[in-house]
Amino acid sequence: MEDSLLKLLPSLPSAIISDLLTLGVCVRCVFRFLNMRSVDFAAAIPSCYLLISHLQASMLDSGAQMNGSAGTVPKVGTDSEPQCAVENSAHTIDGGIVEPCIVCLGILQVLDDNMYKESVSGTELQRYCYGAKQKIVEAAHKEGHEFDSFCLEVSLPAICVVRERALWYYLKQKYPEEALFSHNHETDHIVTLKEAVKWSLIAPLELLLGAKFDSNSLFRIALLYKHPESLAELDFLGGHVGGDAKRRRHGSVDSGPPAGLAAVAAARTAEAGESLTSVMRALATMSYDSFSRTFTWPPSKPITPCELATMCWRMPVFVGGRYLKYSRNISQSRWMIDDERMGEGSVQEVIGDVVFPPYKGDSYKFHAAGREDIDVRMLGPGRPFIVEISNARVIPSSAEIRKLERDINSLKEGWVKVRELRQVGIDACAIMREGESEKQKEYAAVVWLSRPVTEADFECLSSFKELELQQKTPVRVLHRRSPLTRPRTIHWMRCKEIKGTQNYFVLFLCTQAGTYIKEFVHGDLGRTFPNVGSILGCEADILQLDVMDVKMDFH
């Protein structure tokens, strides 16, 4: 930190920095407004000392008055630290902060582990350990999460954006010739508060957590900042804030469950009656004159600092593979009618009861590439599936996942087996969804005819290639599907006799996804046409059906 700052010191505008410190702007926010991106935001105390020392030297060299003016520079003590509140603020009395920064409202100030405050007598410095970073570390480990990387998310109170705008306008007016403030809006130039928070925390947290920062990490640490005075200060926007913010301010908040901590943060700001997006939209439509008439600048000194809540969670983890179902009396998912279970169990429960517990997650969802009826077996290579686990605390190793596969396959009931069980990425979900509409399926059906089966019947059915059907929604699913006519394709068919019978045979067929096979055989009162019965000129029905293959590239 010292090396990079020392190189920059000669070029820093001493008068502007002195002005900012006197107004009550913390050192990190001074760095932000000077667009100093090469300094280390994680080291505040050394930077404060160097900066103030530089200012004293610069002001003395120029003959400036050191006391009683807008350019007053904080005094430096005889020891290694400034004899004043660090970053021109007083900190931590019973966990509170006195005189927080007028821009960040204390957000950047409390990121120092060691805080200083003048005692009541005003003569003795006392050291307090605030431990903000340690509280984040405690939250990260509170629920037993295991992780080797983390991503940091920050949710800020909307009033910080307004105060940044106010300070920017003050600097533009007071220093019109300064190129630093030539941009129309602060967003075009300064280091954002969110960036500064992350820059201040990432390196220390990597050390304390023993994990690397990775913006793509599934483990998230969310810092949710709220300010008790924020709502009152935003009242000046009045009619400028519209849309969601207005509705939320009047209590119309969506009560649905939030998905992930980003949504939690948004919900919390909504509860507080503010919306960062709406406030930014309002500021974008306000002219310089309109803003200057309605909000004081430079910003007034706040009474209280921001409050910080820390939340940690892991983004969904996905475990995928293929399942085989050998029973004709278990459904794919749990099936209840009038509080009564249908069938002996479900594929979802058989797999989930084994896969879910080792992850120590909150809940799980079962996804599959289509589904078969309860009385249909799933054979061949199996049907692709994914178990989506919410907020997993532990990630089993590949060896442990292979053991889970063996555990499922060794269940005494033997209803369900799995293959190729492994952890997959979220892209596997997209592949599976795409495959639902594009994949081909192969089936084996035991068919009954109202007359004896002939070789000519086999030749007739086998001769059809790319046979297009017109399928109206089957009667058996009309209660849950729209009554539409859907064209579907039978790609090929072949037949096999069943020895010792006259009226039965096995029909093998490959179809487009979404084809109702049972209805293709018996015709569904004419709602599927053509069908096996209409093609062979007799009545036809289906006794058993098995899915032999779901053709999908799911590795």
Side-chain angles (χ1 to χ4, degrees), residues 316-337 340-361 363-390 392 394-424 428-429 431-433 435-436 439-446 477 508 513-514 516-518 542-555:
V317 175
F318 303 93
V319 181
R322 290 176 177 263
Y323 75 80
L324 297 96
K325 180 169 82 80
Y326 297 109
S327 170
R328 297 192 188 277
N329 198 32
I330 65 168
S331 54
Q332 185 185 86
S333 56
R334 195 171 184 224
W335 186 13
M336 303 291 291
I337 298 180
E340 183 178 349
R341 175 188 282 276
M342 298 292 104
E344 299 175 347
S346 69
V347 174
Q348 173 181 326
E349 291 168 299
V350 171
I351 296 176
D353 287 351
V354 174
V355 170
F356 176 63
Y359 283 84
K360 298 181 180 179
S363 60
Y364 77 90
K365 296 178 182 178
F366 186 83
H367 310 279
R371 62 171 58 238
E372 65 283 330
D373 292 338
I374 189 171
D375 60 345
V376 176
R377 296 186 301 179
M378 179 67 236
L379 306 178
R383 185 185 298 276
F385 73 90
I386 288 175
V387 179
E388 177 185 345
I389 301 171
S390 173
V394 178
I395 305 297
S397 66
S398 298
E400 290 170 323
I401 293 176
R402 287 194 295 271
K403 182 180 181 300
L404 296 179
E405 178 176 322
R406 292 194 297 271
D407 291 344
I408 295 172
N409 294 339
S410 62
L411 292 173
K412 63 180 181 179
E413 293 85 357
W415 295 337
V416 176
K417 305 288 185 183
V418 295
R419 301 175 56 245
E420 304 170 4
L421 192 68
R422 67 209 180 278
Q423 197 162 302
V424 298
C429 294
I431 292 172
M432 200 167 69
R433 282 194 298 269
E436 285 185 23
K439 65 180 179 290
Q440 295 181 3
K441 293 182 177 180
E442 291 186 12
Y443 297 87
V446 177
V477 297
F508 298 95
Y516 290 99
I517 306 303
K518 294 177 180 178
I542 186 168
L543 275 69
Q544 291 182 347
L545 180 64
D546 294 328
V547 184
M548 304 303 295
D549 195 4
V550 178
K551 295 183 177 296
M552 182 185 296
D553 187 14
F554 188 74
H555 298 294

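A quick note: this is a predicted structure, and the numbers were derived from the prediction, not measured.
- Looking only at side-chain heavy atoms (C-beta outward), Val347 and Trp415 stay at 4.5 Å or farther from each other.
- In this view, Lys365 satisfies the salt bridge (Lys or Arg N to Asp or Glu O under 4.0 Å) rule with no residue, not counting sequence neighbours.
- Within the 4.5 Å cutoff, the side chain of Asp546 has no heavy atoms near those of the Phe508 side chain.
- The aromatic rings of Tyr323 and Phe366 sit tilted, their planes meeting at an angle between 30° and 60°.
- Separating the OH atom in Tyr443 from the CD1 atom in Ile517 is a distance of 4.5 Å, to the nearest 0.5 Å.
- Although no hydrogens or angles enter the test, the distance criterion places no donor-acceptor pair under 3.5 Å between the side chain of Arg377 and the main chain of Glu372.
- No donor-acceptor pair closer than 3.5 Å links the side chain of Arg422 to the backbone N or O of Ser398.
- Ion pairing of Lys439 with Asp549 is absent here, as no side-chain N (NZ or NE/NH1/NH2) approaches a carboxylate O to less than 4.0 Å.
- Atom CG in Leu404 sits 11.5 Å away from atom CD1 in Ile351 (nearest 0.5 Å).
- Using modelled atom types, no side-chain atom of Asp375 and backbone atom of Gln544 make a donor-acceptor pair closer than 3.5 Å.
- A 4.5 Å side-chain heavy-atom check between Val350 and Val418 finds every atom pair outside the cut-off.
- Remark: side-chain polar atoms of Arg334 are not paired, donor with acceptor, to backbone N or O of Glu349 under 3.5 angstrom.
- Counting all heavy atoms, side chain and backbone alike, Leu545 lies closest to Ala445 at CD1-CB, 3.8 Å.
- Residues passing the side chain to side chain donor-acceptor pair (under 3.5 Å) test with Lys403, sequence neighbours excluded: Asp407.
- With a 4.5 Å cut-off on side-chain heavy atoms, Val376 and Val547 count as touching.
- In this structure, Lys417 has no salt bridge (Lys or Arg N to Asp or Glu O under 4.0 Å) partners at least two apart in sequence or on a different chain.
- Between the CD atom in Gln348 and the NE2 atom in His367 there is a gap of 9.5 Å [rounded to 0.5 Å].
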Begin from the C-alpha positions of Asp553 and Ile431 and carry the test side chain to side chain contact (heavy atoms under 4.5 Å, CB included) through to its verdict.
CA-CA 8 Å; Asp553 187 14; Ile431 292 172; 5.9 Å; no
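- Contact annotation: the side chain of Val319 approaches that of Ile389 to within less than 4.5 Å [non-hydrogen atoms, C-beta and beyond].
- Summarising the geometry, atom CZ belonging to Arg371 is positioned 14.0 Å from atom CE belonging to Met378; distances are rounded to the nearest 0.5 Å.
- The minimum heavy-atom distance between Leu324 and Gly382, with the atom names listed, is CG-CA, 4.0 Å.
- Taking both residues in full, the closest heavy atoms of Ala392 and Val317 are given as CB-CG2, 4.2 Å, listed atom of the first, atom of the second, then distance.
- Looking at Gln332, its side chain does come within 3.5 Å of a backbone N or O of Gly370 through a donor-acceptor pair.
- Nearest approach of Pro384 to Met432, heavy atoms of both residues: O-SD, 3.8 Å.
- Of all non-hydrogen atoms in Arg419 and Pro381, the two that sit nearest each other are NH1-O, 2.6 Å.
- Atom OH of Tyr359 is separated from atom CD of Glu400 by 9.0 Å, given to the nearest 0.5 angstrom.
- Scanning all heavy atoms of the two residues, the minimum distance from Pro358 to Pro396 falls at CB-CG, 4.1 Å.
- Distance CG/Asp373 to OH/Tyr516: 9.0 Å, rounded to 0.5 Å.
- Panel note: side chain Lys325, backbone Ile374; a donor-acceptor pair is recorded below 3.5 Å.
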